[in-house]
Amino acid sequence: MGRIPGIVLLGGALLALATVALWRGRPKRPRRDGGYVTGLDVGTEKPANFVVRWLTTVDHRDIGVLYLLLGTVAALWGGVDGMMIRTELLTPTTTVWDVETYNALFTTHGLTMLLFFVTPVFTGIANYFLPILIGADDMAFPRINAIAFWLLPPSLALVRGGLITEVLGKGLEFVGVSVPILLDMRPVEMGWTMYTPMTAEMANPQIDVTLLGLHLSGIATTIAAINVIVTVFCERDEDVGWANLDIFSWGMLTTSAIVLFAFPVLGSALVMLLLDRNFGTSFFAVEGGGPELWQHLFWFFGHPEVYILVLPAFSLISYVLPKLVGRHLFGFRFVVYSTLAIGVLSFGVWAHHMFVLGMHPQLRAAFMVTSLSIAVPSAVKTFNWIATMWYGRLRLSAPFLFCAAGVGIFAIGGVTGVFTAVIPYDMRVHDTLYVVGHFHLIIMAIIPFSMFAASYFWFPLLTGRLYDRRLARAQALTMIPGVLLTFLPMLVMGNDGMPRRYAEYPEIYHPHQIVASIGALLIGVSVVLWLINMIQSYRIGIPVRDADVWDLKETNQFSREWRWFERRLAKQGGAAVGEAPEPEAETRQAEAMVEDWDEDDESDQSGGDASDAGDDHADDDHDAGDDHADDPANRGGADEGQGE
């Protein structure tokens, strides 16, 4: 008993639960049309049992929802890590957590957020919407699609296994059962970059489990990327050509291509590291390939990984923003070209993370040039977003606030990144909090901001109900200053030379750390507001009656997914999707909310342009001031790319 690893116990418990669920969900009498999953027979209808349905589904929309739920759980888990880090940094000395816990926190925070939050969420959005946008029935390989998803939960459990086994071990100790191996598998502390020789020499057996989990997640991500590529190439409807492929699909296609080249490199490096740790090989030992080899392999994956994370966010902004401002995307072709250029250039910049290693000056200069050049396509995108908003119908809705703030904060993060590409300044701020601040101003801004914008934009389509717009706007106005307060002080501290990953710091930086922790608290509050809004609006939000909730028909942007939603509403006789008979109290509440909505409409229309700026919802204004969308000059050169 004492020799059984905690991961095995956890896996056994999950397997037992799944077996019980499948047994309980097994229909007593199979239907003649084969509608149920019975034994090895696979039907075409979704099982009536809730658990069986979600465990066996191969429908792209169901799998998309599963991805979104997993990504949300991972984000909350990794976010708790981040809040614990900021809690420790409230004081200059280690008074809240010990150093080992602090090291484990930033390790698991990084791995969780990069591999189990961002990538699954964008894959989930792609699963749900990409087939609809290109006119396909489903993803190219539905069952492989399901396999790719179901590889992720166990890989997350493996990566976070140190915490799970520690909690299990202490829980068993509390009831008098001692299982030493559970306590031996401590949370990993090697940092998310896993630099050798430290990682190869650390004795913690949980590191091996974590490496296996990362390898498994890489396989899942690669499978999903292949599915996206094949779907876009082979499953497009006849009327969807490359010229009118939507910008979100372009972004996911480019991202998937990067995944195809980057993740196998990480997988190979992880296998070599496992061999070094367990079988005496010397791939990364000083007498073999050397620690520098690990850095080359890791960053050949690691820097394209940044663009694997941000390109879908760019594409979401490019897709959603024009619809919110009533104009087509300015310079559609150039946005597509810049996306492809970033995809290619992303593989030529990895060594700027290694300027301090002493590489040959000419080689270092070459990487500086490529690192600076990737700023050009990023700037093209920023210019096109600003040009799209120019003379647009700017309504301060929550998704627009997130899009606009995402563009602005990304510009700050991008400019600070240019400095890290310049050799002299990079050597000054290498491994300081400046790098953390720059990285998070890009990652923490445009990625979650685009996700929040998409969640509000498509919430009516996903749930058949409207979200609470006031709560959404409050969430946006909490999140935006929270991000700036958290990460701008890091630029100042890092520029002064404050190293990153230190639990203790000089007293002079105490005010900066306090401000950063207050900002993190605002981010946490904002996320809680979003969760409340999503759950409550899903439960009691006003049912959608008209699919054109964003007035997209006015500007000829009523795209495929909304037309699909309109057909679904029509098929259901105008009732909201999944709408259940409303109890009397709920009906009264909905009527009150509609009256409140109507009152806002009247005040908006009577208030002219000024009130239009504060309008928030698609039903709010059929906007008297919207003459720009009808102006041919304002439609820009992107019409051909929208396909609608």
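Computed over heavy atoms, backbone and side chain alike; hydrogens, waters and symmetry mates excluded. This is a predicted model, so every value here is computed, not measured.
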Visitor: Please check this pair: side chain of T57 against backbone of D59, looking for a donor-acceptor N/O pair closer than 3.5 Å.
Guide: yes
Visitor: I need the minimum non-hydrogen distance between P399 and Y467, along with the two atoms involved.
Guide: CD-OH, 3.5 Å
Visitor: Please list, chain by chain and in numerical order, all residues satisfying side-chain hydrogen bond (donor to acceptor under 3.5 Å, both in side chains) with T416, sequence neighbours excluded.
Guide: H438
Visitor: Is there a side-chain contact between T210 and M194 (heavy atoms, below 4.5 Å)?
Guide: no
Visitor: Under the salt bridge (charged side-chain N to carboxylate O under 4.0 Å, His left out) rule, what do D431 and R501 come out as? Steps first, then yes or no, please.
Guide: CA-CA 9 Å; D431 253 348; R501 298 175 173 174; 5.2 Å; no
Visitor: Any chance you could measure L329, atom CG, to K381, atom NZ, to the nearest 0.5 Å?
Guide: 9.0 Å
Visitor: Sequence neighbours excluded, which residues qualify as ring-ring contact (aromatic ring centres under 6.0 Å, His included) partners of F149?
Guide: Y67
Visitor: Could you give me the CA-CA distance, side-chain angles and deciding distance for W562 and F457, then say whether ring-ring contact (aromatic ring centres under 6.0 Å, His included) is met?
Guide: CA-CA 11 Å; W562 292 105; F457 180 70; 5.5 Å; yes
Visitor: Can you sort out the partners of R236 under salt bridge (Lys or Arg N to Asp or Glu O under 4.0 Å), two or more places apart, ordered by chain and number?
Guide: none
Visitor: Looking at V188 and M190, what are the two nearest heavy atoms and their distance?
Guide: CB-SD, 3.5 Å
Visitor: Pairs of donor and acceptor atoms involving the side chains of residues 150-159, under 3.5 Å and at least two apart or interchain, shall be tabulated with distances.
Guide:
from : atom 1 : to   : atom 2 : distance (Å)
S155 : OG     : L151 : O      : 3.2
S155 : OG     : L152 : O      : 2.6

Visitor: Heavy atoms only: give me the nearest L115-S217 pair and the separation to one decimal.
Guide: CD1-OG, 4.3 Å
Visitor: Among residues two or more places apart or on two chains, list those pairs meeting salt bridge (charged side-chain N to carboxylate O under 4.0 Å, His left out) that have a residue in residues 148-160.
Guide: D81-R160
Visitor: State, yes or no, whether a side-chain contact exists between V320 and L324 at a heavy-atom distance under 4.5 Å.
Guide: yes
Visitor: Under 3.5 Å, which donor-acceptor pairs link side chains of residues 251-258 to any protein atom two or more places apart or in another chain?
Guide:
from : atom 1 : to   : atom 2 : distance (Å)
T254 : OG1    : W250 : O      : 2.9
T255 : OG1    : G251 : O      : 2.7
S256 : OG     : M252 : O      : 2.7

Visitor: Testing the 3.5 Å rule here: is there a donor-acceptor pair between the side chains of Y319 and Q557?
Guide: no
Visitor: So with a 6.0 Å cut-off around CZ of F439, is the heavy-atom count from everything else above 12?
Guide: yes
Visitor: Set out, in order, the CA-CA distance, both residues' side-chain angles and the distance that settles ring-ring contact (aromatic ring centres under 6.0 Å, His included) for F452 and W530, then state yes or no.
Guide: CA-CA 8 Å; F452 286 132; W530 176 79; 5.6 Å; yes
Visitor: Nearest heavy-atom pair of F117 and G71: which atoms, and what distance?
Guide: CD1-O, 3.5 Å
Visitor: Answer yes or no: is there a donor N or O on one side and an acceptor on the other, between the side chain of N244 and the main chain of V240, under 3.5 Å?
Guide: no
Visitor: Starting from the C-alpha separation in whole Å, work towards a yes-or-no answer on side chain to side chain donor-acceptor pair (under 3.5 Å) for Q475 and S526.
Guide: CA-CA 5 Å; Q475 189 240 331; S526 175; 3.2 Å; yes
Visitor: Can you name the residues that form a salt bridge (Lys or Arg N to Asp or Glu O under 4.0 Å) with E292, not counting sequence neighbours?
Guide: none
Visitor: Would you check if M354 and L357 make a side-chain contact, meaning some heavy-atom pair closer than 4.5 Å?
Guide: yes
Visitor: Should we say atom CZ of F347 is surrounded by more than 12 heavy atoms from elsewhere, each under 6.0 Å from it?
Guide: yes
Visitor: Between S268 and L297, is a side chain to side chain contact (heavy atoms under 4.5 Å, CB included) present by the stated rule, with each step listed?
Guide: CA-CA 9 Å; S268 305; L297 292 176; over 6 Å; no
Visitor: Taking the side chain as every heavy atom from C-beta outward, state whether F283 and L273 have any atom pair closer than 4.5 Å.
Guide: no
Visitor: Counting N and O atoms only, with roles assigned by atom type, does the side chain of D426 sit under 3.5 Å from a partner on the main chain of A421, one being a donor and the other an acceptor?
Guide: no
Visitor: List the steps, then state whether ring-ring contact (aromatic ring centres under 6.0 Å, His included) holds for F367 with W350.
Guide: CA-CA 8 Å; F367 277 107; W350 83 88; 4.9 Å; yes
Visitor: Please evaluate residues F355 and M368 with respect to the criterion side chain to side chain contact (heavy atoms under 4.5 Å, CB included), reporting the C-alpha separation (whole Å), side-chain torsions for both, the decisive distance (0.1 Å), and the verdict.
Guide: CA-CA 9 Å; F355 282 161; M368 183 182 76; 4.2 Å; yes
Visitor: Under the salt bridge (Lys or Arg N to Asp or Glu O under 4.0 Å) rule, collect the residues that match up with D237, sequence neighbours excluded.
Guide: R560
Visitor: Between H109 and G78, what is the shortest heavy-atom contact and its length?
Guide: ND1-O, 2.8 Å
Visitor: Look up atom CZ in R563 and atom CZ in R568, then write down how far apart they are to the nearest 0.5 Å.
Guide: 16.0 Å
Visitor: Could you list the donor-acceptor pairs under 3.5 angstrom formed between side-chain atoms of residues 123-141 and any protein atom two or more places apart in sequence or on another chain?
Guide:
from : atom 1 : to   : atom 2 : distance (Å)
T123 : OG1    : T119 : O      : 2.7
N127 : OD1    : N145 : ND2    : 2.4
N127 : ND2    : T123 : O      : 3.1

Visitor: Evaluate the side chain to side chain contact (heavy atoms under 4.5 Å, CB included) criterion for residues F449 and I409: first the C-alpha distance (whole Å), next the side-chain angles of each, then the deciding distance (0.1 Å), finally the verdict.
Guide: CA-CA 10 Å; F449 281 23; I409 299 177; 3.8 Å; yes
Visitor: Flag the pair F122 / S450 as yes when at least one side-chain heavy-atom distance between them is below 4.5 Å, and no otherwise.
Guide: yes
Visitor: Distance-only, no hydrogens or angles: does the H440 side chain make a donor-acceptor pair with backbone N or O of V436 under 3.5 Å?
Guide: yes
Visitor: Establish, yes or no, whether a centroid distance under 6.0 Å links the rings of W385 and F314.
Guide: yes
Visitor: Run F106 and E189 through side chain to side chain contact (heavy atoms under 4.5 Å, CB included) and show every step you take.
Guide: CA-CA 8 Å; F106 69 70; E189 306 167 30; over 6 Å; no
Visitor: Tell me which donor-acceptor pairs under 3.5 Å the side chains of residues 298-307 have, and how far apart each pair is, sequence neighbours excluded?
Guide:
from : atom 1 : to   : atom 2 : distance (Å)
W299 : NE1    : Y195 : OH     : 2.9
H303 : ND1    : H353 : NE2    : 2.7

Visitor: I'd like to know if the side chain of W54 and the backbone of D62 have a donor-acceptor N/O pair within less than 3.5 Å.
Guide: no
Visitor: If we only count heavy atoms from C-beta on, is the V380 to V335 side-chain gap below 4.5 Å?
Guide: no
Visitor: Without swapping roles, check the side chain of T108 against the backbone of A104 for a donor-acceptor pair under 3.5 Å.
Guide: yes
Visitor: According to salt bridge (charged side-chain N to carboxylate O under 4.0 Å, His left out), does anything in residues 204-222 pair up with another residue at least two apart or in another chain? List the pairs.
Guide: D208-R277
Visitor: Testing the basics here: between I317 and P322, what is the closest heavy-atom pair and its distance to 0.1 Å?
Guide: O-CD, 3.8 Å
Visitor: Is there a donor-acceptor pair under 3.5 Å between the side chain of T370 and the backbone N or O of G348?
Guide: yes
Visitor: Less than 4.5 Å apart, any side-chain heavy atom of M479 and any of V527?
Guide: yes
Visitor: Quick one: which residue pairs count as a salt bridge (charged side-chain N to carboxylate O under 4.0 Å, His left out) with a foot in residues 124-135, not counting sequence neighbours?
Guide: none
Visitor: Using modelled atom types and a 3.5 Å cut-off, is there a donor and acceptor pairing between side-chain atoms of T107 and backbone atoms of G191?
Guide: yes
Visitor: Please answer whether the main-chain N or O of F330 pairs with a side-chain N or O of T388 as donor and acceptor at a distance below 3.5 Å.
Guide: yes
